[in-house]
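Notes to accompany the following structure.
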Amino acid sequence: MLRTHAAGTLRIEHAGEAVTLAGWVHRRRDHGGLIFVDLRDASGLVQVVFHPEDAPEAFEAASEVRSEYVLQVDGDVVARQPGTENPDLDTGAVEVAVRSAAILNAARTPPFPINQETNVDEATRLRYRYLDLRRERMARNLVLRHRVIAYMRRFLNDRGFLEVETPVLGLATPEGARDYLVPSRVHPGDFYALPQSPQQWKQLLMVAGVERYFQIARCYRDEDLRADRQPEFTQLDLEMSFVHEDDILALMEDLYAGLAAEVAPDLDTPSPFVRMTYAESMERYGSDKPDLRFGIEISDLTDIVRDSEFMVFRRAIEAGGRVRGFAVPGGADTPRRGADALEALAKESGAGGLVWIVYEEDGSVRSPVARFFEEETLAALAEACGASNGDMLLIVADQDAVSSRVLDVLMRRVAEDRDLADPNVLAFAFITEFPMFEWDAQGQRWSAMHHLFTAPFEEDVERMEEDPAAARSRAYDLVCNGQEIGSGSIRIHRRELLSRVLRLLDLDESEAEERFGHMLEAFTFGAPPHGGIAPGLDRTVALFAGERDIREVIAFPKTKSATDPLTGAPASVHGEQLAEVHIALTPEAEAAQSQRDEGAREEVTNDV
RNA sequence: GGCCCCGUAGUGUAGCGGUCUAACACGCCACCCUGUCACGGUGGAGAUCGUCGGUUCGAAUCCGAUCGGGGUCGCCA
């Protein structure tokens with residue numbers, strides 16, 4: 001090794017020891033006759049001192065050194081002189097008096113500061129990601145990610161899980177997200193698809209008798225990006241045989257509560273985790289991924305206003321809808337302008353309008369619709385929502401599907417505006433009993449809400465065909481702070497039931513055979529009852545890291561347009577390479593390509 | 001794919017029709033400085049304002065297109 005100690009580990013106990021360190025020049029403070037260098041390595045940093053009398057040659061080297069130079073120093077750990085200790089540094093009680101130093105490598109001035117947490121343009125950060133990762137925040141996130149993964153492996157190993165790798169080159173499936181395709185050289189015109197998840201493989205492993213499987217699995221989806229969506233991302237994929245929902249949920253609760261205690265002990269993680277059905281979650285929060293930190297719930301106000309003079313409410317109720325709303329704590333300070341903005345948001349989200357009622361501190365009521373209601377009714381509305389003076393009610397009258405969506409959007413907005421979400425709390429919850437199917441208006445057919453292999457409840461199997469919308473599935477989500485962390489289900493393990501579901505989804509026999517024949521066949525060979533879940537690793541780490549964007553916890557993420565500014569991927573390939581995989585570009589693709597190439601050439605010219 | 005925001009020295013920002021011969025902070029370079037730790041001091045270099053086109057007597061500033069980054073809806077579990 002080029003060093004005897006890691007810089008960040010030196011403590012007062014090391015005083016008197018001779019050490020060799022190697023690392024980067026984090027910062028240099030040149031006092032003319034004395035030079036301090038903060039030497040940084042992966043472990044942290046320590047101050048090293050260059051005295052011209054004690055080590056003239058080293059002092060000379062230190063004069064030449066600049067930020068991010070790679071430096072090796074020999075010296076003695078000494079206790080700092082009283083009054084010069086730095087309590088802000090872990091190593092602040094000591095410093096290293098340098099005897100000799102070697103510049104292992106020079107460094108150009110970095111394109112953005114490494115020793116400072118400044119905001120830097122996303123594209124620049126990604127272009128020099130290896131420098132971005134040197135920065136404290138990113139380095140910390142990488143370590144956190146490692147610790148999360150290490151904990152997961154240890155945890156699952158201790159519970160008898162087997163880590164199995166599954167293919168990256170697989171079969172394309174038209175269901176779900178768009179596939180990334182890989183052309184086959186050997187089979188002209190045929191394509192592999194990168195896995196959207198190892199879903200089918202893990203079920204086949206259950207048929208194989210593995211019983212407890214997991215994998216830190218890379219998944220690929222060719223869809224547009226978001227803060228919480230990258231084209232390739234990682235899941236903790238797991239599956240168990242001979243289990244009930246509770247077994248999976250209990251396992252996940254143990255895992256996540258344990259993880260929180262291990263990697264985020266400063267965060268408050270209430271347990272046991274809240275459990276509620278999808279129906280209950282939609283009723284109380286208008287969402288299947290509620291943020292429980294807000295402390296706000298939706299109330300049904302239909303009966304209170306059923307006989308009111310207010311026609312909007314009455315018409316909505318007559319049309320089979322309901323009147324629902326929630327209280328905004330302290331919302332009485334909302335100016336007219338703010339209420340109008342909320343109404344606009346409600347309309348954008350699909351509501352016909354928004355009724356707001358402010359209960360002023362002095363007991364008076366302010367609302368555009370106050371005149372339609374008796375005083376008792378207004379009081380009853382407040383009571384139903386748990387509102388008191390100083391609060392505001394937001395009310396939507398519509399079909400449940402609309403009011404849920406709108407109230408969810410409104411709730412998130414007011415929570416954001418009013419900082420209702422405690423950043424120090426991880427409010428986990430399990431949402432269970434999701435609907436089996438949802439109506440795909442575009443395709444004019446039913447589609448699986450979770451995925452094809454999700455089992456319906458036994459008692460819902462019969463009504464599945466006659467009323468698909470009412471059938472409940474044995475699917476569940478783990479959510480936290482208003483975000484979906486992972487979803488899973490108990491699977492269908494009998495061929496007969498799977499065939500019925502496929503028929504319901506309008507897949508005819510031969511099509512089903514072609515696309516899922518291997519699964520149908522596998523199920524005829526004694527597939528055990530099984531189920532699993534797949535929490536998103538990136539989201540999990542982001543959650544514990546307090547990061548909003550999963551790019552902050554991925555070493556080399558892609559931009560919003562799925563490019564990598566560091567390597568330049570994706571890029572064109574030579575004609576021979578294309579020919580080898582039997583691919584010809586369309587004229588449009590070629591035109592777009594040459595246009596891009598010209599742009600790139602200009603950029604290069606400008607650089608020089 | 002739709003809509004929205006952003007694009008000015010290495011970085012982050014200011015400037016938003018003439019006074020910009022483009023400002024500030026950090027960084028960078030040089031010199032000075034033996035106890036700093038976001039060291040300090042003095043001086044200096046560095047951007048024609050993403051690109052192309054237009055409006056105008058005059059454009060960093062207005063308009064259009066285009067490229068890049070971000071957000072959001074669609075899409076995606």
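Throughout, protein chains are lettered first and strands after them, A, B, ... in sequence-line order, and every chain is numbered starting at 1. Just so you know, these numbers come straight off a predicted model, no measurement behind them.
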Measure from CG on A:Leu452 to P on B:rA77 and round the result to the nearest Å.
11 Å

Which part of the nucleic acid, if any, lies within contact of A:Glu95, taking any heavy atom under 4.0 Å across all strands shown: a base, the sugar-phosphate backbone alone, or nothing?
base

Taking for each residue the nucleotide of RNA chain B bearing the nearest heavy atom, is the 5' side occupied by A:Ala227 or by A:Thr124?
A:Thr124

Let me confirm one number: the OG-CD distance from A:Ser100 to A:Gln72, rounded to the nearest 0.5 Å.
7.5 Å

Which part of the nucleic acid, if any, lies within contact of A:Thr559, taking any heavy atom under 4.0 Å across all strands shown: a base, the sugar-phosphate backbone alone, or nothing?
sugar-phosphate

Report yes if some heavy atom in the side chain of A:Leu205 is under 4.5 Å from a heavy atom in the side chain of A:Glu239; otherwise report no.
no

For B:rG70, take OP1 and OP2 only and decide whether either is under 4.0 Å from a side-chain N or O of A:Arg551.
yes

A:Phe59 and A:Phe50: aromatic ring centres closer than 6.0 Å?
no

Atom CZ of A:Phe112 to atom C1' of B:rU13: distance rounded to whole Å?
18 Å

Of A:Val65, A:Val73, A:Leu45, which meets side chain to side chain contact (heavy atoms under 4.5 Å, CB included) against A:Leu39?
A:Val73

Rounded to whole Å, how long is the line connecting atom CG of A:Asp179 with atom C1' of B:rC76?
13 Å

Could you tell me whether the side chain of A:Arg125 has a donor or acceptor atom within less than 3.5 Å of a complementary atom in the base of B:rG69?
no

Taking the P atom in each of B:rG58 and B:rG18, what is the distance between them to the nearest angstrom?
15 Å

Determine whether A:Ser287 and A:Met411 make a side-chain contact, defined as any pair of heavy atoms from C-beta on separated by less than 4.5 Å.
no

On the nucleotide B:rU36, are OP1 or OP2 found under 4.0 Å from the side-chain N or O atoms that A:Arg29 carries?
no

Does the ring centre of A:Tyr476 sit less than 6.0 Å away from the ring centre of A:Phe434?
no

Base, sugar-phosphate alone, or nothing: which one does A:His451 contact when heavy atoms must sit under 4.0 Å apart?
nothing

Please work out if A:Gly83 contacts a base, only the sugar-phosphate, or nothing of the nucleic acid, heavy-atom cut-off 4.0 Å.
nothing

What distance separates A:Glu68 CD from A:Asn105 CG, expressed to the nearest 0.5 Å?
11.5 Å

Taken to the nearest whole Å, CG/A:Asn115 to C1'/B:rG10 is 14 Å

What does B:rG7 pair with, Watson-Crick or G-U, if both distances are under 3.5 Å?
B:rC67

For nucleotides B:rA38 and B:rA77, find the distance between their C1' atoms and express it as a whole number of Å.
45 Å

Hey, does A:Asp549 reach any base, or is it just sugar-phosphate, or nothing, if we go heavy atoms under 4.0 Å?
sugar-phosphate

Considering only atom P, compute the distance from B:rC39 to B:rC28 and round it to an integer number of Å.
10 Å

Assert: residue with more 5' nearest nucleotide on RNA chain B, out of A:Glu484 and A:Pro565, is A:Pro565

Nearest-Å distance for atom pair CZ/C1', residues A:Arg226 and B:rG71:
9 Å

Ring stacking, A:Phe36 with base of B:rU36, under 5.5 Å and under 30°?
yes

Does atom CZ of A:Arg29 have more than 12 heavy-atom neighbours from other groups under 6.0 Å away?
yes

Ring-face cation contact, A:Phe453 with A:Arg491, 6.0 Å cut, 45° max
no

At 4.0 Å (heavy atoms only), tell me whether A:Ser561 reaches a base, stays on the sugar-phosphate, or touches nothing.
sugar-phosphate

Take atom C1' in B:rU56 and the same atom in B:rG64, then report the distance between them in whole Å.
15 Å

For a quick check of understanding: with a heavy-atom distance under 4.0 Å over all strands, which category does A:Thr563 fall into, base, sugar-phosphate or nothing?
sugar-phosphate

Base B:rC76 to side chain A:Arg229, donor-acceptor N/O within 3.5 Å cut-off
yes

Check every strand shown and say whether A:Asn86 touches a base, only sugar-phosphate, or nothing at a heavy-atom separation below 4.0 Å.
base

Picking from B:rC37, B:rA77, B:rG69, the nucleotide nearest the side-chain atoms of A:Asp121 would be B:rG69

Any strand: nucleotide that pairs with B:rA22 via Watson-Crick or wobble, under 3.5 Å
none

Whole-Å distance, A:His26 NE2 to B:rA38 P, equals 10 Å

Base, sugar-phosphate alone, or nothing: which one does A:Asn119 contact when heavy atoms must sit under 4.0 Å apart?
sugar-phosphate

Please measure how far the P atom in B:rA23 lies from the corresponding atom in B:rG46, and state the result in whole Å.
12 Å

Nucleotide N/O to protein N/O under 3.5 Å, stretch nucleotides 27-32 of chain B:
residue, atom, partner, partner atom, Å
B:rC29, OP1, A:Arg66, NE, 2.8
B:rA30, OP2, A:Arg66, NH2, 3.2

Which value, in whole Å, describes the distance between the C1' atoms of nucleotides B:rA45 and B:rG54?
36 Å

Are the ring centres of A:Phe36 and A:His31 closer than 6.0 Å?
yes

Flag as yes if A:His31 stacks onto the base of B:rC39 (centroids under 5.5 Å, planes under 30°), otherwise no.
yes

Just checking A:Glu85: base, sugar-phosphate only, or nothing, at a heavy-atom cut-off of under 4.0 Å?
base

Expressed in whole Å, how much space separates the P atoms belonging to B:rG70 and B:rU55?
34 Å

What does A:Gln47 touch in the nucleic acid at a heavy-atom separation under 4.0 angstrom: a base, only the sugar-phosphate, or nothing?
base

Taking the same atom, C1', in B:rC49 and in B:rG7, what whole-Å distance lies between them?
10 Å

